[in-house]
A.B. asks: 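What follows is a structure written as structure tokens; I'll ask about it next.
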Number of protein chains: 2
Amino acid sequence: MPNMKIPDVAIRRLPVYLRVLLELGEKDEEIISSAELARLTGFSSEQIRKDLAYFGAFGTRGVGYSVEILIQRIKRILNLHEVVEVALVGAGNLGTAFARYNLNAHQDVRITAIFDNDWGKMGKNIADVEILPMDNLSGVIKERGIKMAIIAVPAFAAQEVANTLVNVGIEAILNFSPTKLNTPGHVSVQNIDLSIELQSLAYYTSSDDKDLE
Amino acid sequence: MPNMKIPDVAIRRLPVYLRVLLELGEKDEEIISSAELARLTGFSSEQIRKDLAYFGAFGTRGVGYSVEILIQRIKRILNLHEVVEVALVGAGNLGTAFARYNLNAHQDVRITAIFDNDWGKMGKNIADVEILPMDNLSGVIKERGIKMAIIAVPAFAAQEVANTLVNVGIEAILNFSPTKLNTPGHVSVQNIDLSIELQSLAYYTSSDDKDLE
């Protein structure tokens, strides 16, 4: 099988397929058509067939895809065939929400280390994970070989946190701070910025004066 | 000027341009080149010129774009030339984090109504906005003509909340619940799902066995 490069946009659809497939698996469904996957995910069946073909999953015409095989392949591609540990930096409201949600939601990507610089939080747990001081960050991440991190600190502190994370071997960062991080090319950064989401969404609301001039 | 349809991907870049331009404006910069905008935003200058041309902003060759005019045009396109009110449904950790962050971050899109079904939270404020019971939701949104909402409730409650929001005239929803919402075609929904972000990001970490077969 060719080890071809899968486009970023397709990678972002794979977890959506995975979620639907896992739900089907729990209902003991063995086969799924691209049309049914389209209905359940909201993507077109053409798009789905193309995405799945990237990693050599070709459905049987008139039958469909094996749910179990698709689950295994997608997990393997996303490196989710074993538990992925994630470090969370920042245990404010946002960080706390993520850690709690993460515990309930799924076990394949798991926040297993939480860091904050507020001494009042030390020793407390969020979702059974102890909050540790920032001084422990490098040691813990190196020791456990953690490769992913979530940054949920104020904007002014984000770049310094990112530098530290990169130095200790973090390869992928989910950044919730409203600031553009400078990181080396081998580090993947995904930014989620509430302001930008809200501002772009405002475009789709009706306005009494839509004329631009 | 043609009132042409701007692609969704370009719309999502406009708030990033806007943020950089507002910072430049505060430093009394009057002119910006596409090359400088590229450096500050991370997008290519070719992409930037193309995006800005969608709404008729053509730079002067060898000079650049007027910072002030670009700010006004982008605000106008995004409906941000006047304050946009947003209703937040769900005042848990996530909702609280957004409301606090929103107050600090910017004033053009503003959370001005917060709803929850926990009676213990009633009458409390987040960032100077009072938490109201769900029973008040329809009345408040209709009365104030609010068109945007954030859903930060557990997955099982999200669809019911979305139905209510659509019924009272909400046109754009930012959905943080890990569930696919069914909404009519005229309603824009942007989903932010932590699981999906983390799972797709895991793809970019190194693995000892990258072979897929």
Side-chain angles (χ1 to χ4, degrees), chain A residues 1 3 6 8 11-12 14-16 18-19 40-42 55-56 73 76-80 84 86 92-98 100-102 105-106 108-109 147-148 150 152 171-174 178 180 188 190 192-207 210-213, chain B residues 1 3 6 8 11-12 14-16 18-19 40-42 55-56 73 76-80 84 86 92-98 100-102 105-106 108-109 147-148 150 152 171-174 178 180 188 190 192-207 210-213:
Chain A
M1 205 188 97
N3 204 338
I6 304 174
D8 291 352
I11 290 297
R12 290 180 65 79
L14 296 187
V16 183
L18 183 59
R19 174 178 299 166
L40 294 169
T41 61
F55 50 95
R73 291 219 176 172
R76 196 65 183 244
I77 287 172
L78 294 177
N79 289 322
L80 302 176
V84 177
V86 181
N93 280 300
L94 201 60
T96 302
F98 293 148
R100 287 199 183 147
Y101 167 66
N102 185 250
H106 49 92
D108 50 4
V109 184
K147 294 171 183 170
M148 279 179 61
I150 300 173
E171 298 170 345
I173 295 173
L174 190 56
K180 185 183 157 240
S188 293
Q190 176 67 26
I192 298 185
D193 185 321
L194 181 69
S195 299
I196 285 176
E197 297 295 340
L198 287 175
Q199 289 180 325
S200 51
L201 206 55
Y203 173 75
Y204 302 96
T205 60
S206 59
S207 172
K210 265 284 186 188
D211 292 324
L212 302 177
E213 293 288 36
Chain B
M1 205 190 97
N3 204 339
I6 304 175
D8 292 351
I11 290 297
R12 291 181 64 80
L14 296 187
V16 182
L18 183 60
R19 174 178 298 167
L40 294 168
T41 60
F55 51 94
R73 292 220 175 171
R76 197 65 184 246
I77 287 173
L78 294 178
N79 289 321
L80 303 176
V84 177
V86 181
N93 280 300
L94 200 60
T96 302
F98 293 148
R100 287 199 183 148
Y101 167 66
N102 185 249
H106 49 91
D108 50 3
V109 185
K147 294 170 183 172
M148 278 179 61
I150 300 173
E171 298 171 343
I173 296 173
L174 190 56
K180 185 183 157 241
S188 293
Q190 175 68 26
I192 298 186
D193 185 321
L194 181 69
S195 299
I196 285 176
E197 297 295 339
L198 287 175
Q199 289 180 326
S200 51
L201 206 54
Y203 172 76
Y204 301 97
T205 60
S206 58
S207 173
K210 266 283 185 189
D211 291 326
L212 301 176
E213 292 288 36

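We name chains A, B, ... by the order of the sequence lines, and we start the count at 1 in each one. Just the heavy atoms: all of them, side chains too, but no hydrogens, waters or symmetry mates, feed the values below.
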A.B. asks: Using heavy-atom distances under 4.5 Å, tell me whether A/Leu18 contacts chain B through its side chain, its backbone, both, or neither.
C.D. replies: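 Contact with chain B: side chain only.
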A.B. asks: Might you point out which heavy atoms bring B/Pro178 and A/Arg19 nearest each other, and give the distance in Å?
C.D. replies: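 Looks like O-NH1, 3.4 Å.
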A.B. asks: Do you know which two heavy atoms are closest between B/Gln199 and A/Pro15, and how far apart they sit?
C.D. replies: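 That would be OE1-CB, 3.3 Å.
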A.B. asks: What part of A/Leu80 gets closer than 4.5 Å to chain B, counting heavy atoms only: side chain, backbone, both or neither?
C.D. replies: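 Side chain only.
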A.B. asks: Output the distance between atom CD (A/Glu171) and atom CG (B/Leu201), rounded to the nearest 0.5 Å.
C.D. replies: 10.5 Å
A.B. asks: Using non-hydrogen atoms and a 4.5 Å limit, figure out which bit of B/Ile192 sits close to chain A: side chain, backbone, both or neither.
C.D. replies: side chain
A.B. asks: To the nearest 0.5 angstrom, please state how far the CG atom of A/Leu198 sits from the CD1 atom of B/Ile150.
C.D. replies: 4.5 Å
A.B. asks: Taking every non-hydrogen pair under 4.5 Å, which of B/Val84, B/Leu40, B/Asp8 racks up the most with chain A?
C.D. replies: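 Winner by heavy-atom pair count: B/Asp8.
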